[in-house]
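Reviewing the structure listed below.
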Amino acid sequence: MEIPEIIDLMSDTVTRPTPEMREAMATCEVGDDVFNSDPTVNELQNLTAGMTGAEAALWCPTGTMANQVAILTHTHPGQEVISSKWSHIVMYELGGIAWNSMCQLATVPDEKGWPEPDDVKDQFKEESEHTPGTGLLCLENTHNRRGGRIMPLDILAENSKLAHERNIPVHLDGARIWNASIESGIPVPEYFSKVDSMMFCLSKGLASPAGSMLVGKKDFIVRARRNRKHFGGGMRQVGILASCGIISLTRMVDRLADDHRAAKKLSEAVLDSGSLDIDPDTVETNIAIFTLPENCSGNAVDFAEAAGDAGLLVTYMGERLVRMVTHCDFDPSWIPAVVERTRVAVEVIS
Ligand code: TLP
């Protein structure tokens, strides 16, 4: 495939709907989803429940809304929510825990890509006249900002067990749970069986233009539906988007393994070239987070700018951390071009 002028590795959210999705958008049956009468949304919700082992599923416009709806549905004002330090819920949802649910946050470390049960255990608080009481434990798998790491199932189970022993529900931000499942060989229902609610994105590696699914017990989804409405997320003929979600789940899941192979190959090639640092063994799925070399005077923002000028789009994830994400619109034959554009950008900012 011809090497494009701009190679976009900013995120797997940059994927464009496939031709089959375009076709489905034009031809799908639609209705008014606020009245529960969009057959395509209903089909996607049923398909999702079946594929995840959940009682029910709810389409949401974004992953952020699905996470926030879940937090609001599980908690009441004044409670505390435990989430890991670099989780999306903490880093990228604009303080939604406080803004939307009027709860406060307790963070736990997640250096390896997941919180250790001992650290989680330390954070639980009992509700009393003096203490807020833990209302929810949030986990993330795969862990975006920790380089797409997969939380081992036994760690997920142990963390959840600790919460459940205290009657505290667990929400899993599984934006990329299908990546975790394809790579680990652990079926999604197995991950979901350890938690009370889970959200995943259709709009990332699965290539839909928009949409995330929230799953849980029937009564949870009924309440979540009300909260989605509070957020202004009740939409009408949204089967147009749900039709793409059906294709995401039936056609785009298995190919995620290609993205994982590409990310590993890319990380090895960039490391071999000597321009950025990474441990390729930690690249388990489609996210590679590189560190700028010590002798480089610019920071990750400077790198992203210089790389953009050289025709490579990336994101910065910290002062010296640069993220590249592989996806279905990236061809692995472009890896040598990524390596060369990376080299140019490092030279510019050194
Ligand atoms: N992640 C985006 C950015 O917001 C960082 C990306 O490019 O990776 N949970 C996780 C783990 C996510 O990575 C994201 C999006 C979300 C939730 C939110 O999904 P959207 O973007 O649909 O609101």
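Just so you know, ligand 1 is whichever comes first in the structure, and atom 1 is the first atom listed for that ligand. A quick note: this is a predicted structure, and the numbers were derived from the prediction, not measured.
At the shortest separation from atom 9 (N) of ligand 1 among protein heavy atoms lies Asp173 OD2, 2.7 Å. Looking from atom 5 (C) of ligand 1 to the surrounding protein, the closest heavy atom is Asn144 ND2, 3.7 Å. Considering only non-hydrogen protein atoms, atom 20 (P) of ligand 1 sits nearest to Gly63 N, 3.5 Å. When only non-hydrogen protein atoms are considered, atom 11 (C) of ligand 1 lies nearest to Glu140 OE2, 3.4 Å. For atom 12 (C) of ligand 1, the closest non-hydrogen atom of the protein is His88 CD2, 3.2 Å. Of the protein's non-hydrogen atoms, Thr64 OG1, 2.6 Å is the one closest to atom 23 (O) of ligand 1.
For the pair Met10 and ligand 1, no heavy-atom separation below 4.0 Å is found. Within the structure, the closest approach of Met199 to ligand 1 falls below 4.0 Å when heavy atoms are considered. Within the 4.0 Å heavy-atom cutoff, His143 does not count among the residues contacting ligand 1.
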Item to check | Derivation of the side chain to side chain contact (heavy atoms under 4.5 Å, CB included) call for Tyr191 and Leu156 | outcome: CA-CA 8 Å; Tyr191 285 117; Leu156 176 61; 3.6 Å; yes
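Under a 4.0 Å criterion applied to the non-hydrogen atoms of Ser11, ligand 1 contributes the atoms 6 (C), 7 (O), 8 (O). Near Lys204, the atoms of ligand 1 lying under 4.0 angstrom from a non-hydrogen atom of the residue are 1 (N), 12 (C), 13 (O), 14 (C), 15 (C), 16 (C), 18 (C), 19 (O), 20 (P), 21 (O), 22 (O).
Judged by the 6.0 Å distance and 45° axis criteria, Arg149 is not positioned over the aromatic ring of Trp114.
With a heavy-atom cut-off of 4.0 Å, Thr62 touches ligand 1 through backbone and side chain alike.
Salt bridge Asp119/Lys85: absent, no basic N to carboxylate O contact under 4.0 Å.
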